[in-house]
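A short write-up of the structure that comes next.
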Amino acid sequence: MGSPVDDAAISVSGLVKRYGSTTAVHGLDLIVEPGTVFALLGPNGAGKTTTVETCEGFIKPDEGTVRVLGLDPVADGPKLRPLIGVMPQGGGAYPGVRADEMLRLVASCAANPLDPRWLLDVLGLTGAARTPYKRLSGGQQQRLSLACAIIGRPKLVFLDEPTAGLDPQAQHLVWELVNALRADGVTVLLTTHRMEEAEQLADQIAIIDRGRLVTQGSPAELTAIDPEADSQQLRFRSNPKLDLELLAAALPEECKVEETVPGRYLVQGPITPQVLSAVTAWCAQHGVLAHELNVSRRTLEDVFLELTGRELRS
Ligand code: ATP
């Protein structure tokens with residue numbers, strides 16, 4: 001367990017949070033550098049929301065230390081709150097309030113807020129400005145919640161599953177906004193179980209599972225395969241339980257083949273054009289359709305799978 005780092009935007013050290021017999025977070029260490037976008041990626045129940053809500057000061061840790069902008073989120077809550085923006089999972093607003101009223105109300109609590117009209121426009125909500133919260137679509141509620149999180153020009157924003165349930169266009173707006181926040185020097189901690197979202201947005205990704213850190217790094221670091229290594233990798237998906245003895249027999253001896261989880265295959269060894277051709281020829285001979293075939297690049301899903309033995313998508 002490391003000691004808290006004071007110049008980090010967020011420093012979590014040895015965090016433990018239990019709910020009865022469930023340990024939601026199990027000794028987590030995280031450092032989020034200022035001005036970066038940091039993604040907590042993990043399956044349902046991994047402990048992402050618990051970690052974020054601890055950083056927001058809503059949950060008191062059972063063990064460990066949390067510092068946000070150098071402050072203790074619980075003890076220094078009143079000092080910290082004006083500096084952070086929070087977009088909780090599932091929004092949460094008085095059902096009768098209109099979108100623009102809600103945003104103006106939140107803006108009135110901030111010393112130097114953004115212009116609510118401009119923000120509604122950026123988030124594609126101008127047409128829904130006079131609509132009561134309960135009549136907004138799920139995606140509109142989600143975007144309003146994001147607007148409320150950032151209208152006070154916070155130094156640090158927490159976004160819990162910011163694009164859950166959004167259509168691709170709205171998702172794109174949210175991604176653009178996160179990039180704009182980073183360009184303005186705002187630190188963003190977001191949670192997601194969507195790998196492509198973490199890969200697109202984050203400078204650093206911490207993959208967590210069952211309350212523990214599985215691995216951490218930039219998207220490029222996590223998905224890279226050592227180009228100097230003798231052994232390269234070819235991955236593909238197909239039907240489960242292919243006859244791998246037969247497939248291995250069609251490949252050079254140095255190539256090893258395994259089914260990492262049902263329906264996902266990994267060939268390791270010198271992946272030459274001939275090996276690639278031999279794999280696809282073998283598939284053709286056996287009436288097997290290989291898809292998502294790729295060489296020497298792994299996805300975040302592969303990383304999760306190889307480290308935990310389970311799929312990230314639940
Ligand atoms: P999701 O993606 O589904 O939101 P998550 O990664 O955010 O999941 P958490 O919500 O932090 O995970 O939950 C971690 C674990 O703690 C889960 O097993 C969850 O059931 C449990 N848990 C969370 N909050 C509570 C609570 N208030 N009472 C009891 N158990 C809880």
Side-chain angles (χ1 to χ4, degrees), residues 10-32 37-68 73-74 77 84-93 138-139 141-143 145-146 148-149 156-167 170-171 174-175 178 187-202 204-217 219 222 299-301 303-305 307-314:
I10 299 175
S11 162
V12 171
S13 178
L15 175 64
V16 175
K17 180 66 200 174
R18 299 182 198 91
Y19 296 106
S21 59
T22 304
T23 303
V25 181
H26 211 125
L28 198 64
D29 296 327
L30 296 174
I31 300 288
V32 179
V37 177
F38 192 104
L40 284 180
L41 177 69
N44 289 328
K48 304 182 297 293
T49 299
T50 304
T51 303
V52 166
E53 291 186 350
T54 308
C55 294
E56 292 165 349
F58 295 126
I59 292 176
K60 205 164 178 246
D62 290 324
E63 289 172 34
T65 318
V66 176
R67 288 286 175 275
V68 176
V74 177
I84 64 172
V86 172
M87 178 187 181
Q89 215 177 85
Q141 290 181 353
Q142 187 93 337
R143 278 176 281 156
S145 168
L146 175 60
C148 291
L156 194 160
V157 184
F158 296 98
L159 306 176
D160 199 355
E161 306 264 356
T163 58
L166 293 189
D167 63 42
Q171 171 200 294
V174 171
W175 285 8
V178 171
T187 309
V188 179
L189 175 63
L190 64 89
T191 74
T192 185
H193 40 234
R194 299 175 55 194
M195 291 141 290
E196 69 281 15
E197 179 156 282
E199 212 165 344
Q200 280 285 327
L201 292 181
Q204 283 286 310
I205 299 171
I207 301 185
I208 63 171
D209 184 40
R210 296 177 177 168
R212 298 177 195 269
L213 185 70
V214 175
T215 184
Q216 187 185 326
L222 292 178
T299 63
L300 289 174
E301 195 170 5
V303 175
F304 185 80
L305 181 71
L307 293 171
T308 66
R310 286 177 297 112
E311 300 256 15
L312 183 51
R313 290 177 224 264
S314 42

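First listed ligand is number 1; within each ligand, the first listed atom is number 1. Fair warning: this is a prediction, and the values are worked out from it, not measured in the lab.
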Identify the heavy atoms of Glu56 and Pro73 that sit nearest to each other, and give their distance. C-CB, 4.2 Å
Grab the two heavy atoms, one from Ile205 and one from Glu199, that are nearest each other, plus how far apart they are. CD1-N, 4.2 Å
Atom CG of Leu41 and atom OG1 of Thr192: how far apart are they, to the nearest 0.5 Å? 6.5 Å
I need the Gln216 CD to Phe38 CZ distance, nearest 0.5 Å. 4.0 Å
Work out which heavy atom in Arg212 is nearest to a heavy atom in Leu28; give both atom names and the distance. C-CD1, 4.0 Å
At a 4.0 angstrom heavy-atom cut-off, what protein residues surround ligand 1? Tyr19, Thr22, Ala24, Pro43, Asn44, Gly45, Ala46, Gly47, Lys48, Thr49, Thr50, Gln89, Glu161, His193
Drop me the distance from Lys17's NZ to Thr51's OG1, to the nearest 0.5 angstrom. 11.5 Å
